[in-house]
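Report on one structure; see the data block that follows.
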Amino acid sequence: MRLSQLLVPTLREIPAEAEIPSHILMLKAALMRKLASGVYIYLPLGQRILRKVEQIVREEMDRAGSQEVLMAALIPAELLKESGRWDVFGPEMFKLKDRNERDFCLGPTHEEVFTDLIRNEVKSYRQLPLILYQIQTKFRDERRPRFGVMRSREFIMKDAYSFDVDWEGLDKSFNKMYEAYCRIFDRCGLKYLVVEADSGAMGGKDSKEFMVISSIGEAAIAYCDNCGYAANEEKAECLINQEIVEEMLPKEKVYTPNVRTIEELVNFLGITPNKFVKTLIYKGKDNVVAALVRGDRDLNETKLLNILGIREEELELADASIVEKVTGAKVGFAGPIGLKGEVIIIVDNEIPEMRNFIVGANETDYHIKNVNYGRDFKADVVADIKNVIEGDKCPRCGSPLKIDRGIEVGHIFKLGTKYSDALGAKYVDEGGNEKPIIMGCYGIGINRTVAAIIEQHHDEKGIIWPMSVAPYHVIIVPVNVSNEAQNRVAEDIYAVLQKEGIEVLIDDRDLRAGVKFNDADLLGIPIRITVGKKVDDGIVEIKLREKEEAEEVKISDVVEKVKNIIKEKM
RNA sequence: CGGGAUGUAGCGCAGUUGGUAGCGCACGUGCUUUGGGAGCAUGGGGUCGGGGGUUCAAGUCCCUCCAUCCCGACCA
C-alpha cells in the first residue's frame, strides 16, 4: 500500500480528550476516531489491527475445536425475559421498539441467543459436546465510558459457549478454552496473569479472568511471585497474620468527645490504626448487619455478600437513622457490645486473634479500650471479610502478596445450568432420560485487547507493534522522492516484497525525511527500510522499530533479510 | 447518578475592564529546500456548543439546556 493513498491522518498534537497512552496513540496514529462518548469508528490501519487480532482468535478457537457462528445483534425481548435479564440489565441495555411496538434490545451479551439455538437444534447426547463462538459487536450503555476503547459502549467481543452432557465434560471444554486463551494472548505479545475471580451472585464457579498488568487497569489483582497464585482483589483470600502476644486487660470506657473516624481516633489517642476495630452498619435484605474489621483494613463487600447470600443491590450502608437506632448513639460510635434489636454481627477472622483493641461504645462520645473477642462479645459469623493489602500472606504458600492493577481482556467461567434451566435447553441421554445441558461461557474483548497491546508496547515516539498484530510488517521510506535513484530502488523493493506476499507500505509522499520517520515510528511498523544516499553504493538500511540502531544491508540482500526477520518474529 | 473541569477554524490553544475574533500547526497556490515534524510569499477556512436574557453593544455578564473529559459510585 502507498502511504500517499492510504487514509492515515496522523495527528501532530495530543488530542485533548485522551489521557492514557493507548487512547492517545490510537487517535494520534489515526487508527480510530470518536463518534460519540464511548463510540468509535475505525480507519484503515485500525481495522487491519482488529482483523489481525480476530484472526489469531479464530485460529486458536478453531484449533480448540470451536465452531464459528454469527448471532444477531438485535435481540427480541422475550428471550431476555425468559432468563429474567431484561430487568436485571436495566439501563445498561440499549432497548428499542420496532414499528409494531415490540421490544428489542441491542445485544449486551448472547447467552440467551446461543441457548435458544441449542434448545431448538440439539436433542440428543449424540450431538454433544459442542463449543460455538462468534465475533460480534456488543452494546452496553455504560454509565461512564472510559479511556477510549478500554470501556466503550459499542465494542467487539469474541464470545464462546460450551455445551456438555455433564460437569466432567464442562471441565474438559473449560480447559480447552483456557489453553486457547493462553495461546491467543501469548501470540498477541501480552504479559498477563490468569486470576481467580468472583462469580458473585450470578452463580457458576471457576471464574477466571485474563488480566494484562497495567497501571491504568480498572481492577486490582493480588498475586504471588513465589507460587503463582493470583486473584482478583475481591476474591483474594486473606490468611490470619497475627500472633497473640499480649495478656487480656480489663476493658475500660474512654471519653472521646466528637471523635468519630479512625483518623480522628489515631490523633486523639495517639495509637496506630491497627489497634482499633471499626464497626460498619449495613442494611441487608431483611436485617441489619454489623461488620467488623481492623481499623487499617477495608471491608470487602463482595465477601460480605457471599456470606449473607444476597445480591449486590440488596446490601447498602445503613443511613444515620438506622445506625442511631441500633447503637443508641450518634454515627461514629458504633461497636459490637450492646447493639439493640436484631443485628447480625459478622467479624473478620483477624479480630479473634487481636488483643486489647478499641471499639465504639454505642454511646455518643465514648469508645471502649481493651476489648477482646470471646470475653466481651461474640459474633454470629467469623469469616474473612476484608480486602487483601500488599504484603499479606499468600493463601497458598504464605509468601508476601503483591498488588497490581490489570486490564481484563478475557473472562472464562462455568455457567452450569443457569441458562439451560431458565430456557429449557435439555438433551436425552443414553438411557432415555431428559437432562439439562451444562454450559460454560468464554469472552474476549477484541478492541480492549488492542488497547492493552498498545499499553504494553509503546514508547515516547509511538506504538511498537508485535509482528503478529502489526497492520503492516514493513514500511519502505525513500528519503527523498525527487531523487531518481532512491525512488527507483524503493519502488523495486516494494514490488518484490509485494510479490512475495509481504504486507508492505511505501511512504511515497513528497515529505521531508523527518516527517516520514516520525510517522513510521508513531504507526509502529516493525521493520523500516530506509532508502537514502547510499543507494549509489548499493546499500539501504533496515531499522527495527524496537531497536535504536539501523543496519546497513546490500540492496540485493534486503528481501531475504526482511523475510527472515518476519519469520523469526511471528 | 454525585463531585470537578472544558466547549472559540480540521488539531492544539490565546482572547484583559463587554467595543471590528486571533496565534501555531494543518490545508490551497508559487518558489527554494530535502537523513528526524523546512523557509519565504500568498490565499481560503468561524452559527465563538445550542437557546433565552441583560446591554447602545456579548466569545466575554446572567439563566438554561446540550456535549465532552477526569475522579468517585456502578459494571453478566
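In what follows, chains are A, B, ... by sequence order, proteins preceding strands, each numbered from 1.
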Open item on the list: Run the side-chain contact (heavy atoms from CB on, under 4.5 Å) test against A:P273 and tell me which residues pass, sequence neighbours left out.
Closed with: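 Partners of A:P273 under the side-chain contact (heavy atoms from CB on, under 4.5 Å) test: A:I262, A:V266, A:D296.
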
Task: A:N387: side-chain contact (heavy atoms from CB on, under 4.5 Å) partners, not counting sequence neighbours - done: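 Partners of A:N387 by the side-chain contact (heavy atoms from CB on, under 4.5 Å) criterion, ordered by chain and then number, come out as A:E233, A:D298, A:N300.
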
Task: Aromatic ring pairing A:Y442/A:Y181, orientation class (parallel under 30°, perpendicular over 60°, tilted between) - done: perpendicular

Open item on the list: Closest approach to the side chain of A:R140, judged atom by atom: which nucleotide of B:U68, B:U33, B:A76 is it?
Closed with: B:A76

Open item on the list: What's the closest nucleotide to the side chain of A:R512 if the choices are B:A76, B:A38, B:G36?
Closed with: B:A38

Using the 3.5 Å cut-off, write out each protein N or O paired with an N or O of nucleotides 40-44 of chain B and the distance between them.
none

Task: Counterpart base for B:A73, defined by Watson-Crick or G-U wobble contacts under 3.5 Å - done: none

Pairs under 3.5 angstrom, nitrogen or oxygen only, protein versus nucleotides 8-13 of chain B, please.
| from | atom 1 | to | atom 2 | distance (Å) |
| --- | --- | --- | --- | --- |
| B:G12 | OP1 | A:A16 | N | 3.0 |
| B:G12 | O2' | A:E13 | OE1 | 3.3 |

Task: N/O donor-acceptor pair under 3.5 Å between A:K81 side chain and A:D87 backbone - done: no

- [ ] For nucleotides B:U8 and B:A67, find the distance between their C1' atoms and express it as a whole number of Å.
- [x]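 Looking at atom C1' only, B:U8 and B:A67 are 15 Å apart.
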
Would you mind writing out the side-chain donor-acceptor pairs for residues 525-541 of chain A within the sub-3.5 Å range, not counting sequence neighbours?
| from | atom 1 | to | atom 2 | distance (Å) |
| --- | --- | --- | --- | --- |
| A:R528 | NE | A:T530 | OG1 | 3.1 |
| A:K534 | NZ | A:E552 | OE2 | 2.6 |

Task: Nearest-angstrom distance from the residue atom CG of A:D507 to C1' of B:G37 - done: 13 Å

- [ ] Report the distance from atom CD1 of A:I24 to atom P of B:C70, rounded to the nearest whole Å.
- [x] 11 Å

Would you please confirm or rule out a distance under 4.0 Å between OP1 or OP2 of [N] and any side-chain N or O of [X]?
X	N	answer
A:S37	B:C69	yes
A:R144	B:C71	yes
A:R143	B:C75	no

TODO: Answer yes when A:D421 and A:K418 have at least one side-chain N-carboxylate O distance shorter than 4.0 Å, and no when they do not.
DONE: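 Looking at A:K418 together with A:D421, the answer is no, because their closest N to O distance does not fall below 4.0 Å.
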
Open item on the list: Looking at A:K158 and A:E60, is there a salt bridge between them, counting it only when a charged N and a carboxylate O are closer than 4.0 Å?
Closed with: no

- [ ] Using heavy atoms and a sub-4.0 Å distance, could you list which residues of residues 519-546 of chain A are near RNA chain B? By number, please.
- [x] A:D519, A:D521, A:R528, A:T530, A:G532, A:K533, A:E541

TODO: Answer yes or no for A:K414 and A:W167: cation-pi contact, defined as NZ/CZ to six-membered ring centre under 6.0 Å and angle to ring axis within 45°.
DONE: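 A:K414 over A:W167 ring: no.
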
Task: CD1/A:I14: more than 12 non-hydrogen atoms of other groups inside 6.0 Å - done: no

